[in-house]
Enquirer: 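Would you mind keeping the following structure in view while I ask a few things?
Chain letters run A, B, ... following the sequence lines, proteins first, then strands; residues in each count from 1.
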Amino acid sequence: MLKLNNLQKVYRTSEVETTALDSIDINIDDGEFVAIMGPSGCGKSTLLNIVGMLDNPSSGAYYFKDEDIASYSEAQLAFLRKSNIGFIFQSFNLIDELSVEENVGLGLLYHSDVSSSQRKQRVTESLEKMKIAHRAKHMPSQLSGGQQQRVAVARALVAEPALILADEPTGNLDSRHGEEVMGLLKDLNNEGATIVMVTHSESHASYASRNIQLFDGRIVEQQASRAM
Amino acid sequence: MFKNYLIVALRNLAKTRLYTTINIVGLAIGLAICVFSNVIVDHERSYDVFFPNADRIYSVYGIFTANAGIGVRSSGGIQTTVEPLIAAEVPGVEASSRLLAREYLVRFEDKKFYQGIRFADPDFTQIFQFEYLSGNPQLALNDPDSLILTESTARKLFGDDTAMGKVISVNNEHDLHVTAVIADIPKNSHFNNDIILDQPLHMISTTRALEQISSFKMEGNWDNMSSQDVVYVLLPEGQSANTVNQQLKDLYERHVPERNREFLDSFELRELKKLNLFIWETTGLPVLISIQILGLLILIIAIINYTNLATAQIMGRTREVGLRRAMGASRLQLFTQFMVESMAMTSVALVIAIVIIQLTLPILNDIAGKSISFNILNSPVLLAWLVLLTLSVGLISGWYPAYLISRSHPVGLLNGEMVQGKKAVLIRNIMLIAQFSIALFMIIAVIIIYTQNNQIEKTSLVFDKARILTLERFSRPEIKERAETLRTEFENLAGVESFALSSQVPYEQDHSTGKFSLVAGDSTNMIDLYRISIDRNFLQTYDIDLLSGRNLSRAYAQDTLLVDDEYNPIHDSTNVIVNQLVLSKLKISDSESAIGQRFYRHIEDSPIPVVEYNIVGVIPNRNFLGFHNEIKPIVFANRPQNQRTASLKLKGQNITHTLAEIDSTWDRLVPEFPIEKRFLDEYFNDVFKIFKGINAVLAGFAIVALIVALIGLFGMAAFMSERRTREVGVRKVMGASVSDIVILLIWQFSQPVFIAIIIATPLAYFAASLYLNFFADQAEFALVWFLGADASVLILTSIIVAIHAIKVASTRPIKVLRYE
């Protein structure tokens, strides 16, 4: 699915140069469920953002589906992103002014090859899959945190992406809702989706097939998940 | 506590520089325009107040009947015969005087020029107490040949010599001697309004002198009513004008002849300070009140800007407010804090507004020839008014945001939440809609007036007005007797095509009418027709082709109608040319069969009471009178005695040379009178400039309104784009392109503008039809006026929103989402 070679990310301000990521080499195969762990500030989110093409590496190579995307323009990246990657955020990032189904529909809105009737149908399917279809007409503020994250997952799935990136998807949830979301992700993985997830939680990391430990921007450990 | 509010207010203003600037600039413009329009209107309403007794001085005017067919409801002047009747029969009047304005050739040694002179009764100096530099007010108008001069006129005539006792000659015939010199009358007096009266007041002589100089009959003359002839009265202390109005009504009943009652309904008193406003009334448009309303509307737009932006901005200050609540601030204290901010903002805006006014007022005074003053330090009333205005604007604009934030729950505030939601969005949109409705309405109005003005200008081209030079004063016997010599000499000039004489030229507002009938002596079926006197060259000079028949000619004696000294015809029959409208009035089917038809003019109190008019030619309908009048049925006869103006059609090339030749020819043939020449253009522009001026002022207001609204939109768009960075980020992650985002934001901001279009367009359409009704020759209603205005406002708003939208949409989503 993707391959990172000797990847480096440096933040420069006028006074300080901070190396967020250094000498990162990662291979992720199709159908893998990878958890990225590490203390706050170790570069987990930066790594996920680069994988998600929301951010550029300072140096190194990024092969996505065997193509070097280092030289891709913003527009090309946007196209690659919308056709391949679904995002789940810690803070859900639902749009308050849009209803649940409109939020999920957003995942397909910018796919010009999907007609509005197709979109409607796929939104319903996706909401049903996440068991939140009965709330389709509600506004995000009327839902609990767990429900909101299920909507966010439904949105990430609706375009049927090959890769799902989740940035601490359970970070804002209580343990019961956290487990629920992890269960959903595991199911998706079992159905063939590739998932890369950043998490603080050892127990949630155990849902993954492989754990990558980061410390100060470097990979300190890569191992199969203990639970496996 | 208060100091703390002020410090926070100032720091906050400084922190959010863009929004502060937008708010202050918008408010300053709004305040400046609003204050300015009120100062102008105040100025117009405060004319003549400097005269002692100003509140007891009135002029007498006539109210027209509904079927008088005159555009205005009331007259400026009155028949001068009314004054002796008032003096004799109206007990509620302390003093009264006629004042007639006439223009004569004035000569002192080698200086000669045409000069407007006022002719007054002796009481005049008692009614109006001028500032006398020399002479005795009580005696100044006692002798029939007395003359009062203003200081600058005395200087013009005599330089630094004493004026008292000097003798000037009027019309080369009559001598007047200077009995007093008064200080120049302040600009804000109706005496200096050259639209009501042809010339500002420079010289005052006596009515007895006028009777000698001219043959004008004052007493018993009910047929002459002109804005140049005014009657003033001074009421005693404590006398109510209503009582006198009643006495005037009785006087009307006793004296006014039956024939005048058809158009004249009654007499009334008009307050001195309202005399100046009469000019605005004569335009038929509510000019002054419109100026005030427009000023207020622009201020409202500015207030909406502030309220909208402040409300939006407050969302960024929820944590500060939450913390204050947590620290024990009461709602009232918070409310006060935010009110202090809006007051501070408004005060700064007011200072800027005052500076703007102070800087632009001299320029505007210069352009408009006014003496409007704006001195806050000298006028406690103005100062108090400004303070009140500032307080109200601060209160109105700051109230809603202050209320909103002080009402929110402290815990919610600490988490960045505020009572907001759909209602606030709705209110914001309603305010945007209001702003753009106002601006659009004004813009459409400007386009309509502009188009109508163009229409008038286009129609006016039926006469070759740039090539026709008019020479005035042919009513003077000395000049009239040389008319034929002048004609021959002028027509011999290489640059002159033709020379014609007429009683009036196109675009002149004056007119005379007569009573006509189809059957001689049939006084029950009378028709009013307009009369213009022309000579045989008139049609050629003005490029008017005959539809049928022939031109008036010297070959037929009947083609000329001579009159006696009283202007009564001495023949009982004459040949005339008529326009097509006369045919329909006379029920004649077509212009061919009109030739040879007869109709009859009835003249009361004339030795020959019925004159037969024989049609020899028919011309198409052309608008001779002002262009906001309908085309009238006009009878053209050749009455040489009535012809006052000569028209010379010039050949296109070498006009400067031709003009010099005309001047020298005149000086050779009429050495004792200076030449008075004007191009026909100028007659047209005399009237047209009023409409042009109205449009220019309205356009100014409309542009300012739009600018203020757009400034507000700029702020709102900046703020909303900023607020929506997260949403934009999410959309981009979902695959939205930059153009997707920009279109989305433009669309969302366009919705209020669309609604504004729906509201403003029909309103403007309605206003347009009201305005156009004022004109006989109306521009065609064109949808493109409205669509053009709508489209340009939409494009402008889109551009402004796009500026921010592109910036936000181009931000990489990672930067946006990191805000979490």
Enquirer: Taking atom CG of Asp66(A) as the centre, report whether more than 12 heavy atoms of other residues, nucleotides or ligands fall under 6.0 Å from it.
Expert: no

Enquirer: Mind checking the CD-CG spacing from Glu727(B) to Leu98(A)? Nearest 0.5 Å is all I need.
Expert: 6.0 Å

Enquirer: In terms of heavy-atom proximity below 4.5 Å to chain B, should Asn56(A) be classed as side chain, backbone, both, or neither?
Expert: both

Enquirer: Under the rule for side-chain contact (heavy atoms from CB on, under 4.5 Å), what residues qualify as partners of Ala20(A), not counting sequence neighbours?
Expert: Lys9(A), Tyr11(A), Thr46(A)

Enquirer: For the residue pair Arg155(A) and Val730(B), what are the closest heavy atoms and their distance?
Expert: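 Answer, listing the atom of Arg155(A) first, then Val730(B): NH1-CG1, 3.4 Å.
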
Enquirer: What do you reckon, is CZ of Phe79(A) surrounded by more than 12 foreign heavy atoms closer than 6.0 Å?
Expert: no

Enquirer: Taking 4.5 Å as the heavy-atom cut-off, does anything in residues 102-110 of chain A contact chain B, and if so which residues?
Expert: Leu106(A), Gly107(A), Leu109(A), Tyr110(A)

Enquirer: Pick one of side chain, backbone, both or neither for Leu77(A), based on which atoms fall under 4.5 Å of a heavy atom in chain B.
Expert: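 Contact with chain B involves the side chain of Leu77(A) alone.
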
Enquirer: Quick one: does Ile95(A)'s side chain get under 4.5 Å of Arg731(B)'s, heavy atoms only?
Expert: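 They are in side-chain contact.
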
Enquirer: Hey, is OH on Tyr63(A) packed in by over 12 heavy atoms from elsewhere, all under 6.0 Å?
Expert: no

Enquirer: Could you grab the distance from atom CE of Met734(B) to atom CD1 of Ile85(A), nearest 0.5 Å is fine?
Expert: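 The CD1 atom of Ile85(A) is 11.5 Å from CE of Met734(B), to the nearest 0.5 Å.
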
